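These notes are about the structure you will find just below.
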Amino acid sequence: MKLLVTGGAGYVGSVCAAVLLDRGHEVVVVDNLSTGNRDAVPAQATFIEADIKDVAASVLDDGEFDGVLHFAAQSLVGESVVAPAQYWSGNVVTAIALLDAIRASNTPRLVFSSTAATYGEPDRTPITESMPTAPTNPYGATKLAIDHAITSYANAYGLAATSLRYFNVAGAYGDFGENRVVETHLIPLVLQTALGQRAKISVFGTDWPTPDGTAVRDYIHVLDLAEAHILALESAQPSTHRIFNLGSGTGFSVREVIDACARVTGLPIAVEDAPRRAGDPAVLIASSERAIAELGWSPVKTDLDVIVGDAWTYLQKLGDRSHAAASTV
Ligand SMILES: NC(=O)c1ccc[n+]([C@@H]2O[C@H](COP(=O)([O-])OP(=O)(O)OC[C@H]3O[C@@H](n4cnc5c(N)ncnc54)[C@H](O)[C@@H]3O)[C@@H](O)[C@H]2O)c1
Ligand SMILES: O=c1ccn([C@@H]2O[C@H](COP(=O)(O)OP(=O)(O)O[C@H]3O[C@H](CO)[C@H](O)[C@H](O)[C@H]3O)[C@@H](O)[C@H]2O)c(=O)[nH]1
């Protein structure tokens, strides 16, 4: 297939672009490098440095694409609470421009990066797709709004669409992994602390209603996630919008993640307790039963030590190319 990958200079988009190329697909990446890195784009991909909102119509019109994978977004929960305008414009206005370009060019398939944050604070876990959506932060609200728009575009205009609601993505694939200029995600931050690139890791909240008082998340390996994108593309049906949760099905607390990082690296990690981060829910654990049943998805890298181990191997290989800049969010 000929595929447009938006956000392919970012973490998940670059891994998915690399896996798609490995499977023989043709990939065009559009990325404005707002959080991504030029050198993360796989060498065999065509790269266009631009805001997807500005170029979606011309790129799709020229290309006879078989599908779009839309990863490009602003995606930091804490930042979305203090700068929501940036999220409504950057995520929703951009996605509508892309949907209109997809419609105008009759591009048949779309896979969209949705998120666990669309569910907000669930009253039980694991979270299934039929549970209520009630985001606790603007980031999740913008992603939910885009999911609604996709449903109506699929129903009215024939699009074969899939929203994949990722839980917490982690791990790496060869030369592709997490290397953000401003890093806020737990696993890379803890590993950078082990490497001595940061003085300590802050635990955001020790009074959550969880067994050890720290927040619980479901970590999914980025390679298992890439497989789900390929399955979604291959099985897409016109005029249908499918929604799938994707996680490993097990929750790990912040302290358990730090322990796994200490185990995998064999290095001491300085930890400090800190207040809760605005917009965070206490526990997010996925039920991926629908993806397993309907997509035939079968995650293999579900062990936390394997996920952390792959991230650790990648970070060590990065060496001087690592952007271990101070986190500000
Ligand atoms: N990482 C996670 O744990 C996680 C979990 C759930 C959902 N998601 C979603 O997956 C997607 C990818 O996340 P990520 O962690 O790889 O983020 P990332 O920040 O590493 O990558 C996003 C990429 O999109 C680019 N971009 C942003 N706005 C753009 C625009 N308007 N035009 C062109 N390029 C633009 C950025 O430069 C960056 O390269 C996002 O949509 C995110 O919301 C991520
Ligand atoms: O320095 C840190 C960083 C994070 N955390 C905690 O670790 C957990 C995971 O935090 P991340 O920032 O790694 O990930 P989030 O759960 O906030 O969000 C991620 O997963 C969400 C879905 O679950 C969204 O989709 C979002 O895009 C993606 O960043 C949270 O409880 C957070 O408070 C800390 O304690 N210290």
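Because the structure is predicted, anything quoted here is derived from the model rather than measured. Counting starts at 1 for both ligands and their atoms, following the listed order.
Considering Thr118, Thr35, Val182, Leu98 only, the shortest heavy-atom separation from atom 36 (C) of ligand 1 involves Thr35. Between the choices Thr6, Ile52, Leu33, the shortest heavy-atom distance to atom 32 (N) of ligand 1 belongs to Ile52. Of the candidates Arg277, Arg165, Arg217, Arg255, the one placing a heavy atom closest to atom 11 (P) of ligand 2 is Arg277. Scanning Ile127, Asp280, Ile220, Thr184 for the heavy atom closest to atom 33 (O) of ligand 2 points to Asp280. For atom 1 (O) of ligand 2, the choice among Leu186, Leu189, Asp273, Val216 with the nearest heavy atom turns out to be Leu189. Nearest to atom 37 (O) of ligand 1 by heavy atom, out of Leu69, Val93, Thr115, Asp31, is Asp31.
Heavy atoms of Asn37 found under 4.0 angstrom from ligand 1: none, in either backbone or side chain. Of the heavy atoms in Arg180, only side-chain atoms (C-beta onward) come closer than 4.0 Å to ligand 1. Contact annotation: for Phe167 versus ligand 1, heavy atoms closer than 4.0 Å belong to the backbone alone. With a heavy-atom cut-off of 4.0 Å, Tyr219 touches ligand 2 through its side chain alone. Contacts with ligand 1 closer than 4.0 Å are made by backbone heavy atoms (N, CA, C, O) of Ser114 only, the side chain lying farther away. Contacts with ligand 1 closer than 4.0 Å are made by backbone heavy atoms (N, CA, C, O) of Ala50 only, the side chain lying farther away. Contact annotation: for Ser202 versus ligand 2, heavy atoms closer than 4.0 Å belong to the backbone alone. Contacts between Lys143 and ligand 1, counted as non-hydrogen atom pairs separated by less than 4.0 Å, involve the side chain only. At a 4.0 Å heavy-atom cut-off, ligand 2 touches Ile201 through the side chain alone.
Of the polar atoms of Val169, at least one N or O is found under 3.5 Å from an N or O of ligand 1, judged by distance alone. Checked against a 3.5 angstrom limit, the closest N/O atoms of Asp51 and ligand 1 fall inside it.
Side chains of Asn155 and His241: a donor-acceptor N/O pair is absent below 3.5 angstrom, by distance only. Defined by atom type and a distance below 3.5 Å, a donor-acceptor pair is present between the side-chain atoms of Asp22 and Tyr173. A side-chain donor-acceptor contact under 3.5 Å links Ser253 and Asp212. Asp175 and Tyr314 form no side-chain donor-acceptor contact under 3.5 Å, judged by distance and modelled atom types alone. Side-chain contact annotation: Gln74 with Gln86, donor-acceptor N/O pair under 3.5 Å present. Residues Tyr119 and Asn245 bring a donor and an acceptor atom of their side chains to less than 3.5 Å of each other.
Taking every non-hydrogen atom of Ala215 and a distance limit under 4.0 Å, the qualifying atoms of ligand 2 come out as 31 (O). Interface of Val203 with ligand 2, defined as ligand atoms under 4.0 Å from a residue heavy atom, comprises 35 (O). Numbered from 1 in the order shown, with element, the atoms of ligand 1 that lie under 4.0 Å from a heavy atom of Gly7 read 23 (C), 24 (O), 25 (C). Near Gly36, the atoms of ligand 1 lying under 4.0 angstrom from a non-hydrogen atom of the residue are 36 (C), 37 (O), 38 (C), 39 (O). Listed by atom number, the atoms of ligand 2 under 4.0 Å from Thr115 heavy atoms are 21 (C), 22 (C), 24 (C), 25 (O). Atoms of ligand 2 lying under 4.0 Å from at least one heavy atom of Leu284, given by number and element, are 23 (O). Listed by number with element, the atoms of ligand 1 under 4.0 angstrom from any heavy atom of Phe71 are 11 (C), 12 (C), 40 (C), 41 (O). Near Ala116, meaning under 4.0 Å from one of its heavy atoms, ligand 2 places the atoms 22 (C), 23 (O).
For Phe71 and His229, the gap between ring centers is short of 6.0 Å.
With contacts defined as side-chain heavy-atom distances shorter than 4.5 Å, the pair His323/Arg180 does not qualify. In this structure the side chain of Leu69 never reaches within 4.5 angstrom of the side chain of Leu4, judged on heavy atoms. In this structure the side chain of Arg217 never reaches within 4.5 angstrom of the side chain of Ile187, judged on heavy atoms. Leu186 is listed as a side-chain neighbour of Tyr219, based on a closest heavy-atom distance under 4.5 Å. For the pair Thr35 and Val181, the minimum side-chain heavy-atom distance is 4.5 Å or more. No side-chain heavy atom of Arg290 sits less than 4.5 Å from a side-chain heavy atom of Arg242. In this structure, Ile127 and Phe167 have side chains that are in contact, with non-hydrogen atoms separated by less than 4.5 Å. The shortest distance between side-chain heavy atoms of Asp224 and Trp297 falls below 4.5 Å.
Of all protein heavy atoms, the one closest to atom 13 (O) of ligand 1 is Val12 CG2, 4.0 Å. At the top of the distance list for atom 2 (C) of ligand 2, counting protein heavy atoms only, stands Phe204 CE1, 3.3 Å. The protein heavy atom nearest to atom 34 (N) of ligand 1 is Asn32 N, 3.1 Å. In terms of protein heavy-atom proximity, atom 10 (O) of ligand 1 is nearest to Tyr166 CE1, 3.2 Å. Nearest protein heavy-atom neighbour of atom 21 (O) of ligand 1: Gly10 CA, 3.4 Å. Closest to atom 43 (O) of ligand 1 among all protein heavy atoms lies Tyr139 OH, 2.6 Å. For atom 20 (O) of ligand 1, the nearest non-hydrogen atom of the protein is Tyr11 N, 2.9 Å. Counting only heavy atoms of the protein, atom 27 (O) of ligand 2 lies nearest to Tyr139 OH, 2.9 Å. Protein heavy atom closest to atom 6 (C) of ligand 2, with residue, atom name and distance, is Val254 CG2, 3.8 Å. From the protein, the heavy atom lying nearest to atom 19 (C) of ligand 2 is Asn168 ND2, 3.5 Å. Among all non-hydrogen protein atoms, the one lying nearest atom 28 (C) of ligand 2 is His185 NE2, 3.7 Å. Protein heavy atom in closest approach to atom 17 (O) of ligand 1: Ser75 OG, 3.9 Å.
In this structure, Ser34 is part of the shell of residues with a heavy atom less than 4.0 angstrom from ligand 1. The closest approach between Gly8 and ligand 1 stays at or above 4.0 Å for every heavy atom of the residue.
Across every non-hydrogen atom of Pro108 and Asp66, the tightest pair is CG-O, 3.3 Å.
Residue Glu272 qualifies as enclosed at atom CD: its count of foreign heavy atoms under 6.0 Å is above 12. Shown here is Lys2, whose NZ atom has more than 12 heavy atoms of other residues, nucleotides or ligands within 6.0 Å.
At least one cation-pi condition fails for Arg276 and Phe204: the charged atom is not both under 6.0 angstrom from the six-membered ring centre and inside a 45 degree cone around its axis. Both the sub-6.0 Å distance and the 45° axial angle are not jointly satisfied by Arg165 relative to the ring of Phe244.
With hydrogens and angles disregarded, a donor-acceptor distance shorter than 3.5 Å links the side chain of Tyr11 to the backbone of Ala170.
Ring geometry, Phe112 versus His70: the interplanar angle falls under 30°, so the pair is classed parallel (tilted spans 30 to 60°).
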